[in-house]
Colleague: 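Pasting a structure here, questions to come.
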Amino acid sequence: MSEERLTRIEEGLTEFRTGQQTLTTEVADLRSGQDKLSTQVVELRTHMGVLHEETLDRIAALAPDLGPIEGRYQEADAQLREDINRRLEPLEAWARDRRG
C-alpha cells in the first residue's frame, strides 16, 4: 500500500473515532435527559392525582343537600298513596259486593 493511502485510512479512522466519541457523549446526554423526563412525569402524575381529588371534593361541595327534598318527596308520596287508597277501597268493596 502506498503511504498516501495509509494516511487517508488513518485520517478516516481518526474521524470515525471522533464521531464515535461525539455519539457516545450525545447518547449519554439523551439518557440523562430521559431520566430527568421520567422523574418529571412521575411528579406530574402525582400532582394530577392531587388535583383530581381536589376537583372531586369541590364538585361534592357544590351538590345540594337532598335530604329535605327527599323528605318532602316521601311525604307527598305517602299523601298520594293515602288519597288513592281512600278512593279505591270503596270501589273495590263495591265490586266485591256486586260479584258476590
Side-chain angles (χ1 to χ4, degrees):
M1 277 195 196
S2 71
E3 190 67 33
E4 185 180 304
R5 189 167 180 202
L6 285 175
T7 303
R8 281 191 315 220
I9 290 173
E10 287 176 356
E11 287 172 358
L13 285 174
T14 302
E15 286 180 34
F16 176 76
R17 287 185 186 119
T18 302
Q20 185 180 13
Q21 288 173 348
T22 302
L23 183 60
T24 300
T25 302
E26 290 175 355
V27 167
D29 290 344
L30 283 173
R31 286 187 178 145
S32 174
Q34 184 179 12
D35 291 341
K36 288 177 185 176
L37 180 61
S38 179
T39 301
Q40 290 174 346
V41 167
V42 169
E43 291 172 1
L44 177 63
R45 187 170 194 272
T46 301
H47 185 66
M48 292 302 293
V50 170
L51 290 177
H52 176 73
E53 291 298 322
E54 287 177 2
T55 301
L56 290 178
D57 291 343
R58 287 179 181 177
I59 291 171
L62 292 174
D65 182 17
L66 298 179
I69 296 171
E70 288 175 355
R72 280 186 258 148
Y73 171 77
Q74 289 173 352
E75 290 172 15
D77 188 46
Q79 182 64 40
L80 183 61
R81 286 177 194 269
E82 186 180 316
D83 290 346
I84 290 172
N85 285 335
R86 197 170 344 112
R87 290 180 179 184
L88 273 179
E89 286 174 0
L91 292 172
E92 289 174 342
W94 177 79
R96 274 194 305 271
D97 290 345
R98 192 161 172 141
R99 280 192 223 159

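The shown structure was predicted, so the numbers you read here are calculated from the model rather than taken from an experiment.
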Colleague: Drop me the distance from L88's CG to R81's CZ, to the nearest 0.5 angstrom.
Modeller: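 Interatomic distance, L88 CG to R81 CZ, rounded to 0.5 Å: 12.5 Å.
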Colleague: Is there a side chain to side chain contact (heavy atoms under 4.5 Å, CB included) between L51 and E54? Walk through the geometry before answering.
Modeller: CA-CA 5 Å; L51 290 177; E54 287 177 2; 3.8 Å; yes
Colleague: What distance separates D35 CG from Q40 CD, expressed to the nearest 0.5 Å?
Modeller: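 Here the rounded value is 11.0 Å.
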Colleague: State the CZ-CD distance between R17 and E10, to the nearest 0.5 angstrom.
Modeller: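 Interatomic distance, R17 CZ to E10 CD, rounded to 0.5 Å: 9.0 Å.
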Colleague: Please report the interatomic distance CE(M48) to OG1(T55), rounded to the nearest 0.5 Å.
Modeller: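 Taking CE in M48 and OG1 in T55, the distance rounds to 8.5 Å.
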Colleague: Can any side-chain N or O of T18 pair as donor or acceptor with the backbone N or O of T14 at less than 3.5 Å?
Modeller: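 At least one qualifying donor-acceptor pair exists.
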Colleague: Kindly compute the distance separating CD (E70) from CG (D65), expressed to the nearest 0.5 Å.
Modeller: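 Taking CD in E70 and CG in D65, the distance rounds to 8.5 Å.
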Colleague: Please report the interatomic distance OG(S2) to CZ(R8), rounded to the nearest 0.5 Å.
Modeller: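 If I round to the nearest 0.5 Å, the distance is 6.5 Å.
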Colleague: Please check if atom CD in Q79 has more than 12 non-hydrogen atoms from other residues, nucleotides or ligands closer than 6.0 Å.
Modeller: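 Enclosed.
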